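Since this is a predicted model, take the numbers as computed values, not measurements.
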Amino acid sequence: MRAYIAGRLATAVLVILGVSVVSFFLTFLTGDPAEIMLPPGATAAQIEKFRAEWGFDDPLFVQYWRFLKRAVHGDFGISLRHGQQSLPLIAARLPATLQLTVTAMLLAIALAVPLGVLAATHRGGPIDLLAMGVALVGQSVPNFWLAIMMILLFAVSWGLLPTSGRGGFAHVVMPAAAIAINLMALLTRLVRSTMIEMLSEDYVRTARAKGLRELFVTSRHALPNALIPLVTVVGLQFGYILGGAVVIETIFTWPGVGLFTIQAILNRDYPVVQASVFILATAVVLINLTVDLLYVWLDPRIRVT
Amino acid sequence: MNPRTLTRRDALRVLGLTAAAAGLHGGAPAVAAPSGEAKIGLAAEPNTFDPHLTVGRNTQIFIANVYDGLTARDVQGNLVPALAESWKRLNANIWQFALRKGVKFHNGDDFNADSVKFTLDRATNPETKATISSELSTIAGTEIGDPYTVNVVTKTPDFLLPVRLGELFGLMLSPKHTNAAGKEAIAIKPNGTGPFKLATWAKNERLVLEANESYWRGAPKVKTIVVRPILEDAARVAALQAGEVDLIAPIPHVRIAELQRNDKLVIKTIAAPRIFHVTIDVRKPPFDNVKVRQALNYAVDVNTILKTLYFGHGTRLATVVDKGALGYDPSVQPYPYDPSKAKALLAEAGYPNGFEVEFDSFTGSIADHSKPAEAIMGYLQKVGIRAKANVFEFSSFGPRRVQNRTAPLFIYSIGNAYLEPSWVIRWMTQGGLGMHYKNAKLDELLTRIEATDDPRKRAPQYTEVQKLIKDEAPFIFLYQADAAFGMSARVDYTPRPDETQWLYPLGLKG
C-alpha cells in the first residue's frame, strides 16, 4: 500500500510539472503582456525596451528555466499586474472557490441521490420520466445562460437574492446552483443506472426473500453499493467543476481563483497564471488521489496487495 | 475653423476657468460635512494604487480619487490648476510649476517641491520599472527652486507636460511615506492628497473610499463610497435594477434604450475619447494611391454601423480628431457613404475590378473591434475589394504590430486621454506599430502647433490639420462610441469627457 501511494505521488508530481510546462508555453505562444501593460501611446521602441527590461525577449526555454528555478522554492514571481507575490494572491482566493465548488457539489449530490433512487425504484413510471427529463435539461442547459436567467428572475424581478458578489449565504445560492446543475444531471443518471443494477443483484434478492421491507432493502442494501461509483465520478468531476467555476465566478464576480485566473490569462500576467495552474493542478491531482484511496477503502474487491 | 464652435468652446473654457477660480481662490464656502454612502458598480477595478505601476485606463481613470496631479480637468475637460496653482514655460525645455501651499497627504505629511521631485524621479527611474515611463520619457530632471516652486526640465520641448503631470501620469506621492512603506504596500495602501482615502480593499470584491474631510478643495459630499467590481455586463445592469448599487459604468449600448425607459433610473451618455479607425499601409500598392484610400472611405457606411452595432450611441468622425479634443472642427465633414463614387475612384486608380487584401482585427481588448471589422469588410466587398479576415487575440496581435507584421488594413482604436489631437496624430504617424503614413506638411503643421503654449491659439490651427488628414485619407475614418453611465434617481453625477471616474463632485439627493 505504501509503495502504491508513493508511486501515485511521484506520478502526481510529474503531472503537475507537465501541466505547468504546457500552460507556460501555451500562454507565451499567444503573446506577451508588453502592449497590455503599457499606456496606449507607447511607441514600438518603448514596447521593445519594456520587453527587454522584463526579460520577455529571451528565448522561451530560458524564460522557462528561470521560472522553474524559482518555482521549486515556491516563488512564482511578482504579479505583473498586482505588484505582489503571486502564490499568496492565488492562495487567498482559494477559500472563496472552495466555498462555491463544495456548496455546488453538495447541492448536486443532495438533489441527485434521491432523484436517481426514486427514478430507479419507479423505473418506467412517471417519476422516472420526470427525473430523466430534469437530468436531460440539466445536462443540456448552458450554465452561463442559466446564471443570467437566475439573476434576472431571483434578483431583479423578485428581489430574493443578491445579483452578484460574495457575502452571506444568500450570495452563494445562485452561483452554486448554476455550477451544480450539470453535475446534478450527470449524477442523477448515474445513481439511477447503478441502483437499477444493484436492485437486480443476488444479495438484494436475498434481502427481499428474508422479508425485509422494500424501503430498507433499497436504503441499506442497494444504495450504499450504488454510491461507490458516485465517489469516483464526483472526484473526477471536481476538475470540471473548477473549470465551470471560472465562467460562473466571472458572471457573478465571485472573488475566487477562477475569476482571478481568467483575468490573469487575459492580461498575460504569467506569474499569476503559473501560480494558479500549479494550485489548481495540485488540487485536482490530490483529490483524484484521495478518491482512488477512498475507493480502495470502500470497495474491498479492488484492494491492491 | 467654424466661428460658432470656437465661441462655444471658448465660452465653456471661460466658464470652466471661472468656476475653478471661484472654487479655488474664493475661499470655498462652508459646505456640509460629508454624509451618506454611495455604492458603485464598475466593469473593472484598479490593478494597483501605485500611480507608476498602473496598467490600463481602468486604473488611471480611477486612482485619481485618492491622489492629485499638478493639474486636473474640469467637467468640460479643460485643464485647470490642482496641486500646482499655475505653470509657465521658462524656455523651450523648462516648465515651471508654482505649487499650492498648505496641502497635506492623508497621513499628515506636507506636500511641497520635495514631493514633486521625489515622485517624478521615482517615475523615471528605470529601477521602478514604471509602466507609465513611456508617457514621461521627455523628462530629463526636476529642479527645486524653493519649497513651492519646481522646474521640470525636458529633453526635448514638450508642450503637453502640464497635461501629463495632471491626473494622467502626475499623481503625487509623499517621499517619507513611500520610502518607509515600500513598493508592495503602496500598491494597496495609497497615501495621496486626493478627496478620498482608501479605507479597505478586497480585490475582486469591494473597495471602500472614505471622504478626506480636510481636502484642499473642500470635503467631498459623500462620506463613504463602496466600489464593487461587477465584470459581467448583465450582472452589473441587474445590480443597478435591483437597487444594490447607485451608479454603474459602463452600460452595453444594446441595453441603453431599455434602461432609459425605466423611470427609476437616469442614464447619461458621453462621447468617450476612443477613436476607431482602420489603418491603411500606405507603403504598399494599391494603397500608395490616395484615390484608393479615399475610395475606401467612400465605400464604408459608418452611420449604419453606428446605428446597428452601437444603437446610435456614437459620433461619426471625419478624421482621427475626436469631438472632445482641442480644436475639433465639425465643419470638416466626414466622407459621405457613396459606393459608386468609391468604384469610380478605384477605376480611376486602375482597379475597375477591385482587388484582394488582408484585413486584421482582434478580440479581447477593452472594446469590440471584430464586429465593426466584419461590417467594414462587408462594405468593401460591395465595391469589389475582397478582404480576407484575420482575427487575433489582442495580446497576440500586439507583437505583430511591434514587428510590423500587420496586414495592409487593420482596425484599431486609440483613447485620446490627452484630449489633444497632436498627441494622437503623432502616435498614428510614428512609422512603427504598423502605422507608416508620413507627410512633411503635416509634421510642419504639428510642430508649429506644439510650439504654441496657449490652447486657445492652438485650437484653430487644428482645422488645417483635419482638412489635410481627411484629403490624404491614410485611415478609414470611423467613429467614437458613447460611454453610458446608469444611476439611481438619488445620485447626482456628471461623467467627464476624458473618462476619469472623478467621484469628488458625486452627490446624493434626499
Please state whether the side chain, the backbone, both or neither of [X] comes within less than 4.5 Å of a heavy atom of chain A.
{"X": "B:Tyr418", "answer": "neither"}
{"X": "B:Tyr412", "answer": "side chain"}
{"X": "B:Arg206", "answer": "side chain"}
{"X": "B:Ile230", "answer": "both"}
{"X": "B:Lys183", "answer": "neither"}
{"X": "B:Ala238", "answer": "both"}

Over 12 foreign heavy atoms within 6.0 Å of NZ, B:Lys264: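 Atom NZ in B:Lys264 is not crowded, with 12 or fewer foreign heavy atoms closer than 6.0 Å.
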Can you tell me how far [atom2] of [Y] sits from [atom1] of [X], rounded to the nearest 0.5 angstrom?
{"X": "B:Glu232", "Y": "A:Ile251", "atom1": "CD", "atom2": "CD1", "answer": "5.0 Å"}
{"X": "A:Gln84", "Y": "B:Ile188", "atom1": "CD", "atom2": "CD1", "answer": "4.5 Å"}
{"X": "A:Leu266", "Y": "B:Glu393", "atom1": "CG", "atom2": "CD", "answer": "6.5 Å"}

Under 4.5 Å heavy-atom distance to chain B, tell me which part of [X] shows up: side chain, backbone, both or neither.
{"X": "A:Phe260", "value": "both"}
{"X": "A:Pro162", "value": "both"}
{"X": "A:Glu48", "value": "side chain"}
{"X": "A:Leu38", "value": "both"}

Backbone of [Y] reached by a side-chain donor or acceptor of [X] within 3.5 Å:
{"X": "A:Glu53", "Y": "B:Lys129", "result": "no"}
{"X": "B:Asn47", "Y": "A:His82", "result": "no"}
{"X": "A:Gln46", "Y": "B:Ser134", "result": "yes"}
{"X": "B:Arg228", "Y": "A:Ser164", "result": "yes"}
{"X": "A:Thr253", "Y": "B:Leu231", "result": "yes"}

What residue in [options] has the most heavy-atom pairs under 4.5 Å with chain A?
{"options": "B:Met435, B:Arg57, B:Arg401", "result": "B:Arg401"}
{"options": "B:Ala239, B:Gly432, B:Ala234, B:Ala187", "result": "B:Ala239"}
{"options": "B:Thr48, B:Leu240, B:Leu433", "result": "B:Leu433"}

Considering all heavy atoms of both residues, which atom of [X] and which atom of [Y] are nearest to each other, and what is their separation?
{"X": "B:Glu135", "Y": "A:Ala42", "answer": "OE2-N, 3.9 Å"}
{"X": "A:Thr163", "Y": "B:Ala242", "answer": "CG2-CB, 4.0 Å"}
{"X": "A:Pro39", "Y": "B:Thr131", "answer": "CD-O, 3.2 Å"}

Does a donor on one side chain sit under 3.5 Å from an acceptor on the other, for B:Gln430 and A:Thr43? no
Any side-chain heavy-atom pair of [X] and [Y] under 4.5 Å:
{"X": "B:Ser133", "Y": "A:Lys49", "answer": "yes"}
{"X": "B:Glu184", "Y": "A:Ile78", "answer": "yes"}
{"X": "B:Asn204", "Y": "A:Gln263", "answer": "yes"}

Are B:Glu205 and A:Arg93 ion-paired here, with the side-chain N under 4.0 Å from a carboxylate O? no
